[in-house]
Number of protein chains: 2
Amino acid sequence: MSLKHAILVLLDEEPSTGYDLMRKFKGSVGYFWNAKHQQVYLQLKKLNEDGLIHLAIQAQSGKPDKKIYSLSAPGKQALCNWLSTPIEPSKTNDAFLVKLYGGHLSSKEELLAELARHRATHTKTLDYLLGLEQSYRQLPAHQKDKYQYPYLTLRKGIIGEHAWLEWADEAKKEIKK
Amino acid sequence: MSLKHAILVLLDEEPSTGYDLMRKFKGSVGYFWNAKHQQVYLQLKKLNEDGLIHLAIQAQSGKPDKKIYSLSAPGKQALCNWLSTPIEPSKTNDAFLVKLYGGHLSSKEELLAELARHRATHTKTLDYLLGLEQSYRQLPAHQKDKYQYPYLTLRKGIIGEHAWLEWADEAKKEIKK
DNA sequence: GATCTCATGTAAATTGTTACATGATTTG
DNA sequence: CAAATCATGTAACAATTTACATGAGATC
């Protein structure tokens, strides 16, 4: 679907290896896009075959060759076409809420334990995103301009995680009640 | 993955047809689970073959027979097992944020137009969820207890949509700037 | 007369996950 | 010396989407 476009957007920002992209999916853009490495390497292969990205091989000793991909002219065109095509708001599938929905079949202890576990990962994600925000704020003005749009998506991540935690507090009280 | 469990949870609440389930996925539980009808009918078939749900056929004139599914004992067991197994926090893939991330390749007008479009659907969803909340609040006490957990997930939907709109206001200002 | 709701499916294509596979370098 | 990080992939399987398919009744 749009893993393809997520990769193109990231490569437009800077040439990267599959591994680089993976680090982004696990880190700085993980709050809005996720993928497994197998999927990424496969997609890069396809994008290269389709001529949407270029490949430069950089030999390394003791490690597999580094394969650095970058956006090609047709790739940029394809990306721009996609960007100017309206998309539907994304749908959420959240298994944790499915579990909560059927909460009467669990014990309160189990529910609270799982809520706490999830809370911990969301707190960690929020802290990480706040760190990224700090880095952004310390950037010189022209760099801030450059990253204006990525920063906007970062704000979405931060606001979203805040909301999650706000809800979690409410949910905790309500379950204990 | 857990469409299966989403269906089991909904059938635990009340026996339903595939069509009934679809209405829920498009409506009251759509903010945390989505599926296409083809997927639902397929899954119901499998769940029935595996003995996790029962099937009762109700003839109708002029329409296909209504196929009413309900949770079986092994189904309830399977559901309880799943409920007591920890799951990972869900990952989000949001194509709209991918588009925003590459916003410098679009025009401000296009970005604002798409933001407004998405804003409209989120506003609509929020209004719908607030309506559901009103219905819940007017329930007699024992009914409120029964729907305590579904209500908690509803709160997640409401808080999440609020957060989306809050972010959208910020984003709008920032894009215009 | 067109569109929406009711009500159900099959088949093909695409996408994503899990399992399997390798191997050097760095850090604790 | 164990674990994490770097760095890449194939193959099998599961899940999801898109396209195709039908047809009555209700509403505008």
Side-chain angles (χ1 to χ4, degrees), chain A residues 1-8 10 15-27 30 32-50 52-53 55-69 82 85 87-95 98, chain B residues 1-8 15-27 30 32-50 53 55-69 82 85 87-95 98:
Chain A
M1 256 244 311
S2 14
L3 166 60
K4 176 176 158 178
H5 302 108
I7 290 176
L8 293 177
L10 293 177
S16 314
T17 65
Y19 195 81
D20 292 335
L21 294 173
M22 275 316 297
R23 262 187 289 130
K24 292 196 179 182
F25 287 135
K26 283 184 191 161
F32 72 80
W33 205 270
N34 291 272
K36 310 265 169 173
H37 78 268
Q38 295 94 329
Q39 218 184 323
V40 170
Y41 287 119
L42 215 72
Q43 197 55 239
L44 284 170
K45 195 177 160 188
K46 276 184 199 165
L47 286 169
N48 184 46
E49 280 166 9
D50 295 346
L52 300 182
I53 59 179
L55 167 58
I57 291 171
Q58 188 181 299
Q60 296 188 118
S61 54
K63 289 179 199 172
D65 289 351
K66 215 179 225 185
K67 298 171 84 171
I68 301 165
Y69 293 96
W82 179 74
T85 309
I87 37 151
E88 290 309 301
S90 67
K91 313 281 185 182
T92 313
N93 281 13
D94 187 335
V98 174
Chain B
M1 254 249 308
S2 12
L3 166 61
K4 176 175 159 177
H5 302 109
I7 290 175
L8 292 177
S16 313
T17 65
Y19 195 80
D20 292 335
L21 294 173
M22 275 316 297
R23 262 186 289 130
K24 291 196 181 185
F25 287 135
K26 283 183 191 164
F32 73 80
W33 205 269
N34 290 272
K36 311 264 169 174
H37 78 269
Q38 295 93 330
Q39 217 183 325
V40 171
Y41 287 120
L42 214 72
Q43 197 56 239
L44 284 170
K45 196 178 158 186
K46 276 185 199 164
L47 287 169
N48 185 45
E49 280 165 12
D50 295 345
I53 58 178
L55 167 58
I57 290 170
Q58 187 180 300
Q60 295 188 123
S61 54
K63 289 179 199 171
D65 289 352
K66 214 179 227 186
K67 298 170 84 170
I68 301 164
Y69 293 96
W82 179 74
T85 309
I87 38 152
E88 289 310 299
S90 66
K91 314 280 184 182
T92 313
N93 282 14
D94 187 335
V98 174

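So you know, we letter chains A, B, ... as the sequences are listed, proteins then strands, and number each from 1.
- Per the geometry, NZ belonging to A/Lys4 stands 8 Å off P belonging to C/dT15, to the nearest Å.
- Panel note: side chain B/Asn48, backbone B/Leu44; no donor-acceptor pair is recorded below 3.5 Å.
- For the pair B/Lys45 and B/Asn93, nearest-nucleotide mapping onto DNA chain C gives the more 5' position to B/Lys45.
- Each of B/Asp20 and A/Leu3 was assigned the nucleotide of DNA chain C with the nearest heavy atom; the assignment lying further toward the 5' end belongs to B/Asp20.
- OP1 or OP2 of C/dT17 sits under 4.0 Å from a side-chain N or O of A/Gln39.
- Counting to the nearest Å, the P atom of C/dG16 and the NE2 atom of A/His37 are 15 Å from each other.
- B/Lys24 has its NZ atom 19 Å from the P atom of C/dT5, to the nearest Å.
- Between A/Lys67 and B/Lys36, it is A/Lys67 whose nearest contact on DNA chain D lies nearer the 5' terminus.
- Side chains of B/Phe25 and B/Leu3 form a contact here, defined as non-hydrogen atoms less than 4.5 Å apart.
- Counting heavy atoms from C-beta on, the side chains of A/Asn93 and A/Val98 never come closer than 4.5 Å.
- Distance, A/Ile68 CD1 to D/dC6 C1': 14 Å, rounded to whole Å.
- Atom P of nucleotide C/dT17 and atom CG of A/Leu42 are separated by 13 Å, given to the nearest angstrom.
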